[in-house]
Enquirer: 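A single structure is presented below for examination.
We count residues from 1, following the sequence as given. None of these values were measured; they are calculated from a predicted model.
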Amino acid sequence: MKRLAAVVALLGLATATAACSGGSTNSSGGSGGGGGLFTTIDVLKPGLDASGPANPWAPKGNSFLGYNAMKLGWIKNHLTDPNQFYPGIAASWEIAPDNSSITLHIQPNAKWSDGKPVTADDVKLSLGLASTTGSTAFAVTPGAAGVASDVQVVDQKTVKVSQDMKNPSMKFARGIMDNWVVPAHVWNSLLPADFWDKLKAARETGADADKAREEILAIGQKVLAFAPPKDVSAGPFTLERVNPGEALLVKNKNFYNAANVAPAQVKLLNYNGNEQIWNYLSAGKLDQAGFTAMPSDIMTRIKNAPGSNVIRGFSPVAVGMAFNQSKKPYDNVHVRRGLAYLIDRDQVTKVASPEGGTPALTTSGIHQKPAQEWIGSELASLNPYKHDVAKAEEEFKAAGLKKTGGKWTLADGSPWKVSMRAPATFSDWISAEENIKSQLIAGGVDAEVVTVADYPVYLEELDAGKYDVGFWLMALGPAPYDIFQRLYGAANGWTNVAGKVAHSAPGKGGNWMGSAEEIDVEGVGKINPGELTAKLNAATPEQAKPIMAQLAKTANQDLPAIQLWDYVNTQFTNTSRFTGWPEQDSDLLRLNAGVWIQLGLIKAKQ
């Protein structure tokens, strides 16, 4: 299950490119009601914590996205435009043509569950709380890309948020919309009276700025730990009770779209692993659940459950087999290319992710669905690295490797073993690596799979440069910068602060991938891929396309990672008790059922 959480967490980092766009007041139709109990799981939170607070920032809290936890807006699952949203607390919004500000119009009938109106003061305080945790469009790093520079209450239903245009980011508007909103009359004690002055000071440099940042970070710790005495929600539900087995939420009669909310209650069941979710789904207990990695026989069992329904759509993330180029022989591009030819990606995907992925067409750094739109005909010109043992041998020979007794060795005759790492809880990654291991051994390359305790340990050790080869999530759309920063960002030596790009040598500053700082790309010339990637942060879509084409060629030629499969957003629903589920390929599939319910889609089955 943590594999899914990792994917979801990375998706949360995917932020916007911008163009002027406007929202609309929620007019989701249907005469709602119908009542009934809606049962689901929270894919973001394995293991319910009965003592957790109703706090959306708390890592183990009992605020559940879309149910009792509300954001300003809900991000659509669009291929290339990250600035499309469904209304949340913001009924509508306008983004300035130059992306310098976003003006938010609060739902006119929005109330908290205790009957008090949702106001601009609630939104401003919530944005202040977000800044203490460094989330979304906020950061206390001086001049960091995308910081919100000013929050202005225009009137009690309107808020204008401005961007620091000295260092603009196309991800600004999305960073604002993707914020929690909590009631000021419950949370306002956390922010001191001079908080906004502190925040302004924290964006500068010098001793006073350092002091201000320290104070804001200390407030952030209080925000993470805050436990409201009662769940006061502006969402469709409020938390009634929680125990180790389940959390029960009841309908909020003050929710602005309550007339179109069907379930009277929502139950979120506890789970600690994929098997529990599979059993829930097989027994028809869940009305909805996000994807979990599973073998084909389990999928068949789930599909055979009465009312079982599977919905699939775009998921803007891929998985790659990434190399530590500071370790031999992975510093040699011919070795990386040889491995790309030797691995049959179709076979790997069929074994590891038959229901949640499609084999990557090639390595471009971009998910195959939006790749055509971003780089057009350049996609067809890329080397697909189709499975070809003969070409793999040519590449290994070009790298100076030797084949003795049917086994490849390093140039000096010493043994070569491809050692692949994966978190023990990521069953699909382990299945993929086991399959790759078999393919490599069949091709004369010794290989092994080593599991790591969990994902945080995996990332920590990966960052420390302890692994030769690891799996790496990439192609994180839809914003162009987010897509390529997974290959040419901090993990590969390039950091982008205040619009200034710095490069760390391999093995230093978190640079575990170790690509060359400058690469000579056929048909392009010498480029610095990290600097090109940084330009995407402020580029318009039309400015981004030629840059992305150059970076796709670079990734395809240099192979810092082999793109294995592109994820598919697979959702499980059950039609026995409720109807109105999103259609196949719906842009709602990036959102959970709590959002579907509050938008008025879900109806109780008569």
Enquirer: Write down the atom of Ile311, the atom of Glu583, and the distance for their closest heavy-atom approach.
Expert: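 In this case the closest contact between Ile311 and Glu583 is CG2-O, 3.5 Å.
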
Enquirer: Going by side-chain contact (heavy atoms from CB on, under 4.5 Å), name the residues that satisfy it together with Ala305, two or more places apart in sequence or in a different chain.
Expert: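 For Ala305, the residues satisfying side-chain contact (heavy atoms from CB on, under 4.5 Å) (neighbours in sequence not counted) are Ser308.
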
Enquirer: Over 60° means perpendicular and under 30° means parallel, so tell me whether Phe237 and Tyr67 are parallel, tilted or perpendicular.
Expert: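 Taking Tyr67 first and then Phe237, their aromatic rings sit tilted (interplane angle of 30° to 60°).
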
Enquirer: Can Arg301 and Asn279 be counted as having a side-chain donor-acceptor contact under 3.5 angstrom?
Expert: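 Yes, side-chain donor-acceptor contact under 3.5 Å.
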
Enquirer: Is there side-chain contact between Leu564 and Ile436, with at least one heavy-atom pair below 4.5 Å?
Expert: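 Yes, at least one pair of side-chain atoms sits under 4.5 Å.
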
Enquirer: Rounded to the nearest 0.5 Å, what's the gap from CG on Asn592 to CG on Asp42? Could you check?
Expert: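 Interatomic distance, Asn592 CG to Asp42 CG, rounded to 0.5 Å: 7.5 Å.
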
Enquirer: Taking side chain as C-beta onward, heavy atoms only, is Gln439 less than 4.5 Å from Val445?
Expert: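 They are not in contact (no side-chain heavy atoms under 4.5 Å apart), so the answer is no.
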
Enquirer: Where do Trp565 and Val319 land on the side chain to side chain contact (heavy atoms under 4.5 Å, CB included) test, with the steps shown first?
Expert: CA-CA 6 Å; Trp565 71 81; Val319 65; 3.3 Å; yes

Enquirer: Quick one: which of Lys71, Arg590, Lys171 gives a salt bridge (Lys or Arg N to Asp or Glu O under 4.0 Å) with Asp178?
Expert: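 When salt bridge (Lys or Arg N to Asp or Glu O under 4.0 Å) is applied between Asp178 and each of Lys71, Arg590, Lys171, only Lys71 qualifies.
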
Enquirer: Give the C-alpha distance, both sets of side-chain angles, the deciding distance and a yes or no for side chain to side chain contact (heavy atoms under 4.5 Å, CB included) between Thr570 and Leu589.
Expert: CA-CA 8 Å; Thr570 303; Leu589 292 180; over 6 Å; no

Enquirer: Could you go through Thr80 and Trp374, starting from their C-alpha distance and side-chain angles, then the distance that decides it, and tell me whether this counts as side chain to side chain donor-acceptor pair (under 3.5 Å)?
Expert: CA-CA 8 Å; Thr80 57; Trp374 281 122; 5.4 Å; no

Enquirer: Between the main-chain N or O of Leu361 and the side-chain N or O of Arg345, is there a donor-acceptor pair closer than 3.5 Å?
Expert: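 A pair under 3.5 Å: yes.
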
Enquirer: Are any of the side-chain heavy atoms of Phe226 and Leu129 separated by less than 4.5 Å?
Expert: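 In short, these two side chains do not touch, never coming nearer than 4.5 Å.
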
Enquirer: Between His78 and Asp587, does the side chain to side chain contact (heavy atoms under 4.5 Å, CB included) criterion hold? Intermediate values first, please.
Expert: CA-CA 6 Å; His78 195 274; Asp587 58 19; 5.8 Å; no

Enquirer: Consider only side-chain N and O atoms of Asn309 and Thr573, and report whether a donor and an acceptor are under 3.5 Å apart.
Expert: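 Present: a donor and an acceptor within the cut-off.
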
Enquirer: Does the ring center of Trp187 lie less than 6.0 Å from the ring center of Trp180?
Expert: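 Distance test on ring centres: not under 6.0 Å, no.
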
Enquirer: Does any part of the side chain of Arg174, heavy atoms only, come nearer than 4.5 Å to the side chain of Pro478, both counted from C-beta?
Expert: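 A side-chain contact under 4.5 Å exists here.
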
Enquirer: Taking the side chain from Ser364 and the backbone from Ala552, do they hold a donor-acceptor pair closer than 3.5 Å?
Expert: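 A pair under 3.5 Å: no.
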
Enquirer: Run the ring-centre check on Phe471 versus Tyr458 and record whether the distance is less than 6.0 Å.
Expert: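 No - the distance between ring centres of Phe471 and Tyr458 does not fall below the 6.0 Å cut-off.
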
Enquirer: Identify the two heavy atoms, one from Asn270 and one from Leu48, that lie closest to each other, and give their separation to 0.1 Å.
Expert: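 The answer is OD1-N, 2.6 Å.
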
Enquirer: Under 3.5 Å, side chain of Gln563 to main-chain N/O of Ile366, donor-acceptor pair present?
Expert: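 Checking the backbone N and O of Ile366 against the side chain of Gln563, a donor-acceptor pair under 3.5 Å is found.
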
Enquirer: Are Phe38 and Phe578 near enough that their ring centres are under 6.0 Å apart?
Expert: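 Yes.
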
Enquirer: When you measure from the centre of the six-membered ring of Tyr86, is the NZ or CZ of Lys76 closer than 6.0 Å and no more than 45° off the axis?
Expert: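 Judged by the rule (NZ or CZ under 6.0 Å from the ring centre, within 45° of its axis), Lys76 counts as positioned above Tyr86.
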
Enquirer: To the nearest 0.5 Å, what is the distance between OG (Ser63) and CG (Leu44)?
Expert: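 Output value for this atom pair is 12.0 Å.
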
Enquirer: What's the separation between atom OH in Tyr341 and atom NZ in Lys386, rounded to the nearest 0.5 Å?
Expert: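 That separation rounds to 12.0 Å.
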
Enquirer: If you count the non-hydrogen atoms of other residues, nucleotides and ligands that lie under 6.0 Å from CD in Glu460, is the total more than 12?
Expert: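 No - once you tally the heavy atoms of other residues, nucleotides and ligands closer than 6.0 Å, there are 12 at most.
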
Enquirer: Determine the minimum heavy-atom distance between Ala318 and Asp566, stating which atoms define it.
Expert: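 Heavy atoms only, the tightest pair is CB-OD1, 3.1 Å.
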
Enquirer: Rounded to the nearest 0.5 Å, what separates atom CD1 in Ile430 from atom CD in Glu434?
Expert: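 Output value for this atom pair is 8.0 Å.
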
Enquirer: Quick check: closest heavy atoms across Pro228 and Ala54, and the distance to 0.1 Å?
Expert: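 Smallest heavy-atom distance, with atoms named: CG-O, 3.5 Å.
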
Enquirer: Does a side-chain N-to-carboxylate-O contact under 4.0 Å join Asp287 and Arg577?
Expert: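 The answer is yes: the pair qualifies as a salt bridge.
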
Enquirer: Side chain of Lys60, backbone of Gly47: donor and acceptor closer than 3.5 Å?
Expert: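 Checked: pair present.
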
Enquirer: Can you tell me how far OH of Tyr567 sits from OG of Ser353, rounded to the nearest 0.5 angstrom?
Expert: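 With rounding to 0.5 Å, OG (Ser353) is 6.0 Å from OH (Tyr567).
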
Enquirer: Between the main-chain N or O of Asn324 and the side-chain N or O of Tyr330, is there a donor-acceptor pair closer than 3.5 Å?
Expert: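 Checked: no pair found.
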
Enquirer: Can you see whether Gln288 engages Trp596 through a side-chain donor-acceptor pair at a distance of less than 3.5 angstrom?
Expert: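 Their side chains do not contain a donor-acceptor pair, so the 3.5 Å distance test is not met.
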
Enquirer: Going from CD1 on Ile597 to CZ on Phe255, what distance comes out if it is rounded to the nearest 0.5 angstrom?
Expert: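 One finds 10.5 Å between CD1 of Ile597 and CZ of Phe255.
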
Enquirer: What's the verdict on side chain to side chain contact (heavy atoms under 4.5 Å, CB included) for Leu588 and Asn77, showing C-alpha distance, side-chain angles and the deciding distance?
Expert: CA-CA 6 Å; Leu588 282 158; Asn77 195 22; over 6 Å; no

Enquirer: How close do Ala424 and Ala453 get, heavy atom to heavy atom, and via which atoms?
Expert: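 Heavy atoms only, the tightest pair is CB-O, 4.0 Å.
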
Enquirer: If we ignore angles and hydrogens, is there a donor and acceptor under 3.5 Å between the side chains of Asn574 and Ser576?
Expert: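 Yes, because at least one side-chain N or O of Asn574 sits under 3.5 Å from a partner of the opposite role on Ser576.
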
Enquirer: When you compare the side chain of Phe572 with that of Ile41, does any pair of heavy atoms fall below 4.5 Å?
Expert: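 No. Closest side-chain heavy atoms not under 4.5 Å.
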
Enquirer: Would you confirm whether Asp468, through its side chain, and Ser419, through its main-chain N or O, come within 3.5 Å as a donor-acceptor pair?
Expert: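 Looks like no, no N/O pair under 3.5 Å.
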
Enquirer: If you count every heavy atom of other residues, nucleotides or ligands that lies below 6.0 Å from Lys253 atom NZ, does the total exceed 12?
Expert: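 Check fails, neighbour count at 12 or below.
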
Enquirer: For Thr575 and Trp581, does a side-chain donor sit closer than 3.5 Å to a side-chain acceptor?
Expert: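 Per modelled atom types, Thr575 and Trp581 side chains form no pair under 3.5 Å.
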
Enquirer: Are any of the side-chain heavy atoms of Leu342 and Val389 separated by less than 4.5 Å?
Expert: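 Of all side-chain heavy-atom pairs linking Val389 with Leu342, at least one is under 4.5 Å.
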
Enquirer: Assess the side chains of Asn435 and Gln347: does a donor N or O sit below 3.5 Å from an acceptor N or O?
Expert: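 Result is yes, a qualifying pair exists.
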
Enquirer: Ignoring hydrogens and angles, state whether a donor on the side chain of Gln107 or Asn109 is under 3.5 Å from an acceptor on the partner side chain.
Expert: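 Gln107 vs Asn109: no donor-acceptor pair found between side chains.
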
Enquirer: Are the side chain of Gln584 and the backbone N or O of Val310 linked by a donor-acceptor pair below 3.5 Å?
Expert: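 Checked: pair present.
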
Enquirer: Please check: side-chain N/O of Gln276 versus main-chain N/O of Gly273, any donor-acceptor pairing under 3.5 Å?
Expert: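 Yes, the answer is positive, given that a donor and an acceptor are paired below the 3.5 Å cut-off.
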
Enquirer: If we only count heavy atoms from C-beta on, is the Leu339 to Phe323 side-chain gap below 4.5 Å?
Expert: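 Sidechains of Phe323 and Leu339: in contact.
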
Enquirer: Closer than 4.0 angstrom, basic N to acidic O: yes or no for Arg312 and Glu355?
Expert: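 Looking at Arg312 and Glu355, the cut-off is met.
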
Enquirer: Pick one: which of Asn68, Asn62, Asn55, Asn252 meets side chain to side chain donor-acceptor pair (under 3.5 Å) with Asp231?
Expert: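 Single side chain to side chain donor-acceptor pair (under 3.5 Å) partner of Asp231 among Asn68, Asn62, Asn55, Asn252: Asn68.
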
Enquirer: Distance-only, no hydrogens or angles: does the Arg421 side chain make a donor-acceptor pair with backbone N or O of Tyr467 under 3.5 Å?
Expert: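 Judged by distance alone, no pair lies under 3.5 Å.
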
Enquirer: Could you tell me if Thr362 and Asn556 have a donor-acceptor pair between their side chains, going purely by distance under 3.5 Å?
Expert: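 There is such a pair between these side chains.
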
Enquirer: Would you mind reporting whether Ile302 and Met294 have side-chain heavy atoms less than 4.5 Å apart?
Expert: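 Touching, per the 4.5 Å side-chain cut-off.
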
Enquirer: Quick test of your reading of the model: are Asp114 and Lys230 salt-bridged, counting only N-O distances below 4.0 Å?
Expert: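 Not counted as a salt bridge, because no side-chain N and carboxylate O are separated by less than 4.0 Å.
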
Enquirer: Check for me whether Arg486 meets the cation-pi criterion with Trp472, that is, NZ or CZ under 6.0 Å from the six-membered ring centre and within 45 degrees of the ring axis.
Expert: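 Relative to the ring axis of Trp472, which defines the angle, Arg486 lies inside both limits.
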
Enquirer: If we ignore hydrogens and angles and just use 3.5 Å, is the side chain of Lys45 paired with the main-chain N or O of Gly61 as donor and acceptor?
Expert: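 Answer holds: yes.
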
Enquirer: If I compare all heavy atoms of Gln368 with all of Ala360, which pair ends up nearest, and what's the gap?
Expert: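 Residues Gln368 and Ala360, closest heavy atoms: NE2-CA, 3.7 Å.
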
